[in-house]
S.K.: 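Input: one structure, supplied below.
Lettering of chains follows the sequences in order, A, B, ..., and the numbering in each one begins at 1.
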Amino acid sequence: MRSDLCGRLGPDDAGRAVTVCGWVDRRREHSEHLAFIDLRDHTGVLQCVVDGARDLRSEYVVSIAGTVRLRPEGTANPALSTGEIELHDCSVEVLSASEPPPFPLDERTDVDETLRLRHRYIDLRKPRMQRNLRARAAVNRAIRRAMDAQGFVEVETPMLIASTPEGARDFVVPSRKEPGSFYALPQSPQIFKQLTMVGGVDRYYQIARCLRDEDLRADRQFEFSQLDVEASFVERDDVLGFVTKAVAEATVEVTGRDPGNFRRITWHDAMERFGSDKPDTRFGMELVELTPIFADTQARVFQAPCVKGICLVGGAEALARSRVDELVAACQRWGAKGLAWMRVVNSPDSIGSALDGGVAKFLSSAEAAAVIGALDARPGDMVFLVADERRLVRHVLGLLRLELGRPPVNDGSFNYLWVVDFPLFEALTAEGDPIPSHHPFTMPHDDDLWKLMSADGPPAGEELLDIRSQAYDLVLNGWELGSGSVRIHRRDVQQRIFEVLGIAPDEAQQRFGFLLDAFRYGAPPHAGFAVGLDRLAALLVGEENIREVIAFPKTQSGADPLTEAPSPIADAHLQELGLRVVPPA
RNA sequence: GGUCCUGUAGAUCAGUCUGGAGUGAUCGCCACCCUGUCAAGGUGGAGGCCGCGGGUUCAAAUCCCGUCAGGACCGCCA
């Protein structure tokens with residue numbers, strides 16, 4: 001039907017008779033006997049000189065046969081990759097007419113999201129979306145190549161599985177054959193990939209679809225894809241190596257650029273210095289420890305278990321008072337009692353303090369000097385302090401740091417960072433039971449295992465929170481790209497974990513029985529990881545929303561304007577499934 | 001569950017703070033003109049439930065309340 005692709009033709013093709021197919025991108029009609037048609041396919045745009053264009057409109061699908069020639073002197077278009085040539089002596093066949101499109105296909109206008117998604121099949125024609133979908137395919141291709149080269153076997157795992165109470169909210173599918181029972185859609189293939197290890201697969205991977213019924217964000221959809229990895233007889237650093245190889249290969253495949261070093265930071269350092277377990281280390285403004293400075297302070301606002309601060313260079317003049325008030329309000333929304341701010345000035349006041357404004361008047365001159373020194377602040381800077389429980393201080397200042405200094409996530413840099421040594425438990429419930437920070441099969445850190453396995457019984461309460469695990473995350477420009485861990489393969493350790501978590505043996509058997517059963521029959525030591533491919537693809541093409549690399553995404557409320565999902569189903573359908581809809585109260 | 005921003009012509013926006021005559025602009029669309037444009041150009045034309053509902057007012061796109069939709073974020077996402 002066609003001999004060539006629009007964007008692949010060049011001066012070397014001059015004189016060739018070709019047939020190209022595509023969409024009418026733009027037409028410039030000069031008279032009854034001269035018009036230019038820009039014909040677009042997925043490779044680019046080609047100018048075709050036609051006799052008349054009265055019966056051609058935007059987005060008509062046409063086939064144009066003609067002869068390639070160099071454009072006449074002085075009419076080349078350097079902005080176009082095919083700008084030196086054109087197709088002439090054209091005969092045009094309309095393959096499919098089109099109504100005027102509901103929105104322009106140019107790259108200049110930001111079209112309303114609902115409109116784009118309702119007509120996604122048109123939106124996808126844009127060069128940007130064509131590039132993104134192809135980049136995403138390139139990511140998958142590179143990953144498959146890298147995993148294959150490292151001896152991994154691609155194994156598919158089921159989509160209809162049993163619901164387990166851990167983790168995110170499940171999407172659920174009613175069973176027809178067993179009314180009242182439900183399948184869950186996988187939040188991840190976690191259990192199955194561990195079972196492949198018991199099954200002797202040795203090295204498993206999958207580009208897996210995962211589903212979680214949690215609120216959507218720029219970097220979160222209900223449905224997403226991850227590179228899921230698990231390997232036997234390996235340690236943490238082996239896994240980091242496998243994943244680094246795959247992600248680096250994908251980066252090169254899409255961007256042609258070396259991703260550089262994948263640096264490492266401990267979870268503890270990430271939290272203390274950046275207030276986040278997914279630190280964006282592309283910029284400074286690190287959180288600085290100020291607690292000792294205020295150990296004996298008279299200033300009541302700083303009489304707290306923890307005081308930290310950040311310094312905004314030039315902030316004293318750059319930030320209007322109204323903006324500062326907004327920041328204070330934001331910090332209060334984030335859970336802080338308040339946000340202390342002060343400007344650094346040139347000439348010290350009567351008590352010798354170079355801090356001014358805000359809470360400056362409550363600080364002694366020694367405290368002021370120490371704060372300035374610790375934050376390395378200069379005149380003209382603004383310093384922000386939060387005093388509270390340590391966790392809260394880190395959290396609030398971490399968010400404030402991002403608010404004040406974060407570059408766009410898609411600024412073209414690739415800052416890969418491994419965060420290692422996550423704590424085994426992230427917090428205690430009101431009843432004092434710990435909550436696993438990864439999942440209950442995560443191996444404790446080698447250096448902390450003795451604490452957990454002590455013959456006197458496990459520690460309790462706050463001491464538990466000091467135990468580190470062999471869990472790790474991969475972060476790119478402040479986005480969590482994925483996480484993984486070394487799994488527990490020792491029965492005694494697993495039993496101790498359940499004991500600490502307050503899960504009785506019979507309950508553990510009920511919830512995770514099939515995995516625990518499997519582990520009775522010879523489980524190899526194993527470890528794994530999962531990489532969010534939507535996020536990776538988005539950042540590699542410079543998008544700040546994963547919708548842009550998903551062919552048919554959902555809106556933030558979880559709807560699909562194209563198919564109108566979710567939608568009610570017929571009563572007969574409900575009846576067959578043994579379901580009845582309860583009207584909202 | 002919560003906070004914030006945005007809904008005006010097919011599209012993108014201005015007008016809203018400070019209520020007042022007929023809601024404008026650009027692009028697109030339709031017709032005609034135009035032989036080297038490339039975001040072609042010219043002339044003319046059509047096109048509006050100012051998201052929806054209620055309230056205040058002599059008078060509401062504009063103020064107030066509610067609601068729906070989209071977006072960003074907090075919570076949530078083992």
S.K.: Name the pairs: protein N/O against N/O of nucleotides 14-17 of chain B, kept only if under 3.5 Å.
M.R.:
none

S.K.: Quick one: I37(A) CD1 to C38(B) C1', roughly how many Å, whole number?
M.R.: 12 Å
S.K.: Which pair of non-hydrogen atoms, one from P102(A) and one from L115(A), has the smallest distance, and what is that distance?
M.R.: O-CD1, 4.0 Å
S.K.: Would you indicate what N545(A) reaches in the nucleic acid, counting non-hydrogen atoms under 4.0 angstrom: base, sugar-phosphate, or nothing?
M.R.: sugar-phosphate
S.K.: Please tabulate, for the side chains in residues 458-469 of chain A, all donor-acceptor contacts under 3.5 angstrom to protein atoms that are two or more places apart in sequence or on a different chain.
M.R.:
{"unit_1": "R468(A)", "atom_1": "NE", "unit_2": "D448(A)", "atom_2": "OD2", "d": "2.9"}
{"unit_1": "R468(A)", "atom_1": "NH2", "unit_2": "D448(A)", "atom_2": "OD1", "d": "3.2"}
{"unit_1": "S469(A)", "atom_1": "OG", "unit_2": "F422(A)", "atom_2": "O", "d": "2.9"}
{"unit_1": "S469(A)", "atom_1": "OG", "unit_2": "A471(A)", "atom_2": "N", "d": "3.1"}

S.K.: Show me the donor-acceptor pairs, under 3.5 Å and distance only, between side chains in residues 549-558 of chain A and residues at least two apart or in other chains.
M.R.:
{"unit_1": "K554(A)", "atom_1": "NZ", "unit_2": "E223(A)", "atom_2": "OE2", "d": "3.4"}
{"unit_1": "T555(A)", "atom_1": "OG1", "unit_2": "S557(A)", "atom_2": "N", "d": "3.4"}
{"unit_1": "T555(A)", "atom_1": "OG1", "unit_2": "S557(A)", "atom_2": "OG", "d": "3.2"}
{"unit_1": "T555(A)", "atom_1": "OG1", "unit_2": "A559(A)", "atom_2": "N", "d": "3.3"}
{"unit_1": "T555(A)", "atom_1": "OG1", "unit_2": "A559(A)", "atom_2": "O", "d": "3.4"}

S.K.: Could you please name the option among G71(B), C33(B), C34(B) that lies closest to any side-chain atom of R547(A)?
M.R.: G71(B)
S.K.: Please work out if A53(A) contacts a base, only the sugar-phosphate, or nothing of the nucleic acid, heavy-atom cut-off 4.0 Å.
M.R.: nothing
S.K.: List, one per line, each side-chain donor-acceptor pair under 3.5 Å for residues 475-483 of chain A, sequence neighbours excluded.
M.R.:
{"unit_1": "N477(A)", "atom_1": "OD1", "unit_2": "N415(A)", "atom_2": "N", "d": "2.9"}
{"unit_1": "N477(A)", "atom_1": "ND2", "unit_2": "V409(A)", "atom_2": "O", "d": "3.1"}
{"unit_1": "N477(A)", "atom_1": "ND2", "unit_2": "S413(A)", "atom_2": "O", "d": "2.8"}

S.K.: Sequence neighbours excluded, which residues qualify as side chain to side chain donor-acceptor pair (under 3.5 Å) partners of T563(A)?
M.R.: D560(A)
S.K.: Restricting to nitrogen or oxygen on both sides, can you table the protein-nucleotides 73-77 of chain B pairs closer than 3.5 Å?
M.R.:
{"unit_1": "C73(B)", "atom_1": "OP2", "unit_2": "A218(A)", "atom_2": "N", "d": "3.3"}
{"unit_1": "C74(B)", "atom_1": "OP2", "unit_2": "R217(A)", "atom_2": "NH1", "d": "3.0"}
{"unit_1": "C74(B)", "atom_1": "N4", "unit_2": "R217(A)", "atom_2": "NH2", "d": "2.8"}
{"unit_1": "G75(B)", "atom_1": "N7", "unit_2": "R217(A)", "atom_2": "NH2", "d": "2.9"}
{"unit_1": "G75(B)", "atom_1": "O6", "unit_2": "R217(A)", "atom_2": "NH2", "d": "2.5"}
{"unit_1": "G75(B)", "atom_1": "N1", "unit_2": "D215(A)", "atom_2": "OD2", "d": "2.8"}
{"unit_1": "C76(B)", "atom_1": "O2'", "unit_2": "E214(A)", "atom_2": "OE1", "d": "2.8"}
{"unit_1": "C76(B)", "atom_1": "O2", "unit_2": "R220(A)", "atom_2": "NH2", "d": "3.1"}
{"unit_1": "C76(B)", "atom_1": "N3", "unit_2": "R220(A)", "atom_2": "NH1", "d": "3.0"}
{"unit_1": "C76(B)", "atom_1": "N3", "unit_2": "R220(A)", "atom_2": "NH2", "d": "2.9"}
{"unit_1": "C76(B)", "atom_1": "N4", "unit_2": "R217(A)", "atom_2": "NH1", "d": "3.2"}
{"unit_1": "C76(B)", "atom_1": "N4", "unit_2": "R220(A)", "atom_2": "NH1", "d": "3.1"}
{"unit_1": "C77(B)", "atom_1": "O2", "unit_2": "R220(A)", "atom_2": "NE", "d": "3.4"}
{"unit_1": "C77(B)", "atom_1": "O2", "unit_2": "R220(A)", "atom_2": "NH1", "d": "3.0"}
{"unit_1": "C77(B)", "atom_1": "N3", "unit_2": "R220(A)", "atom_2": "NH1", "d": "3.2"}

S.K.: Figure out the CG/P separation between D25(A) and G28(B), and round it to whole Å.
M.R.: 13 Å
S.K.: Taking side chain to side chain donor-acceptor pair (under 3.5 Å) as the test, write out the residues that go with R131(A), two or more places apart.
M.R.: E543(A)
S.K.: Rounded off to whole Å, could you give me the CZ-to-C1' distance for the R28(A) and A39(B) pair?
M.R.: 9 Å
S.K.: Considering only the C1' atoms, how many Å lie between A40(B) and C50(B), rounded to the nearest integer?
M.R.: 34 Å
S.K.: Assign S188(A) to base, sugar-phosphate, or nothing according to its heavy-atom contacts below 4.0 angstrom with the strands shown.
M.R.: base
S.K.: Should A9(B) form a Watson-Crick or G-U wobble pair with both distances under 3.5 Å, which nucleotide is its partner?
M.R.: none
S.K.: Tell me every residue that passes side chain to side chain donor-acceptor pair (under 3.5 Å) with D277(A), counting only those two or more places apart in sequence or in another chain.
M.R.: none
S.K.: Once you apply a heavy-atom cut-off of 4.0 Å, does E32(A) come out as touching a base, just sugar-phosphate, or nothing?
M.R.: nothing
S.K.: Contacts to RNA chain B from residues 66-73 of chain A, heavy-atom cutoff under 4.0 Å, which residues?
M.R.: R69(A), R71(A), P72(A)
S.K.: Given atom CG of D106(A) and atom C1' of U26(B), what is their separation to the nearest angstrom?
M.R.: 12 Å
S.K.: State the pairing partner of A14(B); accept Watson-Crick or G-U wobble contacts with both distances under 3.5 Å, and report none otherwise.
M.R.: none
S.K.: With sugar-phosphate meaning primed atoms plus P, OP1 and OP2, does R108(A) contact a base, only sugar-phosphate, or nothing at under 4.0 Å between heavy atoms?
M.R.: base
S.K.: Figure out the CG/P separation between D51(A) and G36(B), and round it to whole Å.
M.R.: 15 Å
S.K.: Determine which nucleotide pairs with G53(B), using a 3.5 Å limit on both distances of a Watson-Crick or G-U wobble pair.
M.R.: C65(B)
S.K.: For A336(A), give me all partners under side chain to side chain contact (heavy atoms under 4.5 Å, CB included), at least two apart in sequence or on another chain.
M.R.: C331(A), V386(A), V396(A)
S.K.: Quick one: sort the H119(A) and Y121(A) rings into parallel, tilted or perpendicular, breaks at 30° and 60°.
M.R.: perpendicular
S.K.: Do the side chains of E389(A) and R391(A) get close enough for a salt bridge, i.e. N-O under 4.0 angstrom?
M.R.: no
S.K.: Would you sort out whether K278(A) and D473(A) count as a side-chain contact (heavy atoms from CB on, under 4.5 Å), showing the intermediate values?
M.R.: CA-CA 8 Å; K278(A) 46 179 180 179; D473(A) 274 10; 6.0 Å; no
S.K.: Taking side chain to side chain donor-acceptor pair (under 3.5 Å) as the definition, give me every residue that meets it alongside W418(A), ordered by chain and number, with sequence neighbours left out.
M.R.: T244(A)
S.K.: Give a yes or no on whether a salt bridge exists between D38(A) and R28(A), defined as a side-chain N under 4.0 angstrom from a carboxylate O.
M.R.: yes
S.K.: Please work out if T75(A) contacts a base, only the sugar-phosphate, or nothing of the nucleic acid, heavy-atom cut-off 4.0 Å.
M.R.: base
S.K.: Hydrogens and angles aside, do H88(A) and R69(A) bring a side-chain donor and acceptor to less than 3.5 Å of each other?
M.R.: yes
S.K.: Considering only nitrogen or oxygen atoms on both sides, find all protein atoms under 3.5 Å from nucleotides 7-12 of chain B and state each distance.
M.R.:
{"unit_1": "G10(B)", "atom_1": "O2'", "unit_2": "P102(A)", "atom_2": "O", "d": "2.9"}
{"unit_1": "U12(B)", "atom_1": "OP1", "unit_2": "D112(A)", "atom_2": "N", "d": "2.7"}

S.K.: Look through every strand shown and name the nucleotide pairing with G47(B) as Watson-Crick or G-U wobble, where both distances are under 3.5 Å.
M.R.: none
S.K.: So S31(A), base contact, sugar-phosphate only, or nothing? Heavy-atom distance under 4.0 Å.
M.R.: base
S.K.: Between F512(A) and F498(A), does the ring centre distance come in under 6.0 Å?
M.R.: yes
S.K.: What does E99(A) touch in the nucleic acid at a heavy-atom separation under 4.0 angstrom: a base, only the sugar-phosphate, or nothing?
M.R.: nothing
S.K.: Both H30(A) and R26(A) contact RNA chain B. Which one's nearest nucleotide lies toward the 5' end?
M.R.: H30(A)
S.K.: What is the distance from CD of Q47(A) to C1' of U35(B), rounded to the nearest Å?
M.R.: 13 Å
S.K.: If I pick the P atom on A31(B) and the same atom on G36(B), what distance separates them, to the nearest angstrom?
M.R.: 23 Å
S.K.: Could you please name the partner base of C58(B), counting Watson-Crick and G-U wobble pairs only when both distances are under 3.5 Å?
M.R.: G20(B)
S.K.: Distance between the C1' atoms of G70(B) and G51(B), in whole angstroms?
M.R.: 11 Å
S.K.: So which of K193(A), H489(A), Q194(A) actually passes side chain to side chain donor-acceptor pair (under 3.5 Å) with H526(A)?
M.R.: Q194(A)
S.K.: Can you measure D55(A) atom CG to A31(B) atom P for me and round it to whole angstrom units?
M.R.: 12 Å
S.K.: To the nearest Å, how far apart are R27(A) CZ and C34(B) C1'?
M.R.: 14 Å
